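Presented below is the structure to which this report refers.
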2 protein chains.
Amino acid sequence: MSDEEGTNRIYRAIADTTRRRIIDELALRDRQSLFEICARMISKHGIYLSRQAFSRHLSVLEDVGIIEVEWQGTTKLHSLNKAPLAGLANGWLSRFEEQ
Amino acid sequence: MSDEEGTNRIYRAIADTTRRRIIDELALRDRQSLFEICARMISKHGIYLSRQAFSRHLSVLEDVGIIEVEWQGTTKLHSLNKAPLAGLANGWLSRFEEQ
DNA sequence: TGTTTATGCAACAACCATGTTGCATAACAT
DNA sequence: ATGTTATGCAACATGGTTGTTGCATAAACA
């Protein structure tokens with residue numbers, strides 16, 4: 001995959017409110033399970049989706065490297081990897097920053 | 001449209017290499033027509049698409065306010081509005097900046 | 001061993017995105 | 001008037017996204 005195509009995929013991954021809220025949650029606390037994330041999305045953000053829908057969102061973030069996972073028994077723990085986001089923030093878009 | 005949904009749309013608009021190259025072109029020179037942009041995309045960037053395909057990309061950028069237009073006879077001149085991009089660069093994503 | 005807990009996979013529907021082609025419109029030049 | 005130039009609109013195919021539901025798997029626990 002070309003570098004540009006990777007950039008496209010990361011932009012697409014964060015072009016969704018639910019996924020940005022998931023990232024916000026993981027920025028507050030690492031190593032959260034799918035169920036924990038579901039619960040917080042519903043209770044803190046009022047995002048009512050099925051477990052599978054959240055699972056899909058998590059896998060989109062995992063595919064582009066924003067989320068890293070670790071298994072503990074049957075529980076998949078999700079953590080944030082800020083590198084791809086830092087890449088965007090310091091990359092092409094940074095030329096449009098103000099102040 | 002909610003603010004969040006507006007943010008989503010701007011992210012999606014720049015999640016495409018062709019559209020980022022169009023923005024780059026307009027950053028170099030304002031007030032370019034569709035034909036000028038087509039020619040530069042093909043000659044400078046090797047992006048071989050039809051006129052209508054480029055027209056679609058331009059309208060995506062126009063819809064989210066990244067491009068502003070001005071008519072001169074039958075010619076539609078496109079210029080860059082950096083505000084939406086500055087909004088992203090200074091917004092949610094900026095927390096992931098490094099250095 | 002059997003039940004609960006946590007997750008994954010597959011099928012499906014609905015919608016959106018991106019490219020194509022063909023035709024229409026509207027200004028400008030000869 | 002006619003032809004050229006510049007653009008828009010509509011139809012269509014294709015493929016991707018995002019949600020649903022149902023079933024499968026696999027570890028943990030009483």
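The model shown is predicted, which means the values in this text are computed figures rather than measured ones. Naming convention: chains lettered A, B, ... in sequence-line order (proteins, then strands); numbering from 1 in each chain.
Remark: A:Ser33 is not in phosphate contact with C:dA6, judged by side-chain N or O atoms under 4.0 Å from OP1 or OP2. Under 4.0 angstrom from either OP1 or OP2 of C:dA17 there lies no side-chain N or O belonging to B:His57. Side-chain N/O atoms of B:Arg51 include none lying less than 4.0 angstrom from OP1 or OP2 on D:dG8. Remark: A:Ser50 is not in phosphate contact with D:dT21, judged by side-chain N or O atoms under 4.0 Å from OP1 or OP2. Side-chain nitrogen and oxygen atoms of A:Thr75 include none within less than 4.0 Å of the OP1 or OP2 phosphate oxygen of C:dT7.
Inter-residue side-chain proximity for A:Glu25 and A:Glu36 is flagged as unmet; no heavy-atom pair is nearer than 4.5 Å. Within the 4.5 Å cutoff, side-chain heavy atoms of B:Arg51 are placed close to those of B:Leu34.
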Distance-only criterion, 3.5 Å: show the donor-acceptor pairs between side-chain atoms of residues 61-71 of chain A and protein atoms not counting sequence neighbours.
| residue | atom | partner | partner atom | Å |
| --- | --- | --- | --- | --- |
| A:Glu62 | OE1 | A:Lys76 | NZ | 3.2 |
| A:Glu70 | OE1 | A:Arg31 | NH1 | 2.9 |
| A:Glu70 | OE2 | A:Arg31 | NH1 | 2.3 |

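Closest contact between the side chain of A:Val60 and the listed nucleotides D:dT18, D:dA6, C:dG19 involves D:dT18. The side chain of B:Ala53 has C:dG19 as its nearest neighbour among C:dG19, C:dT7, C:dC9. Of the candidate nucleotides D:dT18, C:dT7, C:dT18, C:dT18 has the atom nearest to the side chain of B:Asp16. Side-chain proximity of B:Thr74 to the nucleotides C:dA17, C:dG8, C:dA27 is greatest for C:dA27.
Between A:Phe54 atom CZ and D:dG19 atom P the separation is 9 Å, expressed in whole Å. Going from atom CD of B:Gln52 over to atom C1' of C:dG22 covers 9 Å, rounded to whole Å. If you take CG of A:Asn8 and C1' of D:dG15, they are 16 Å apart, rounded to a whole angstrom. Distance A:Arg9 CZ to D:dG15 C1': 15 Å, rounded to the nearest Å. Going from atom CH2 of B:Trp71 over to atom C1' of C:dA26 covers 9 Å, rounded to whole Å. Between the P atom of C:dA6 and the CG atom of A:Leu34 lies a distance of 10 Å, rounded to the nearest Å. Rounding to whole angstrom units, CG of residue A:Leu49 and P of D:dT17 are separated by 17 Å. Rounded to an integer number of Å, the gap from A:Gln72 CD to C:dT5 P is 18 Å.
Nucleic acid contact for A:Arg19: sugar-phosphate only, since backbone atoms but no base atoms lie under 4.0 Å from a heavy atom of the residue.
Between B:Arg21 and A:Glu4 a salt bridge is recorded (basic side-chain N to carboxylate O distance below 4.0 Å).
For D:dG8, its base never sits under 3.5 Å from the side chain of B:Arg56 at any donor and acceptor pair.
Remark: the backbone N or O of B:Trp92 is paired with a side-chain donor or acceptor of B:Arg95 at under 3.5 angstrom.
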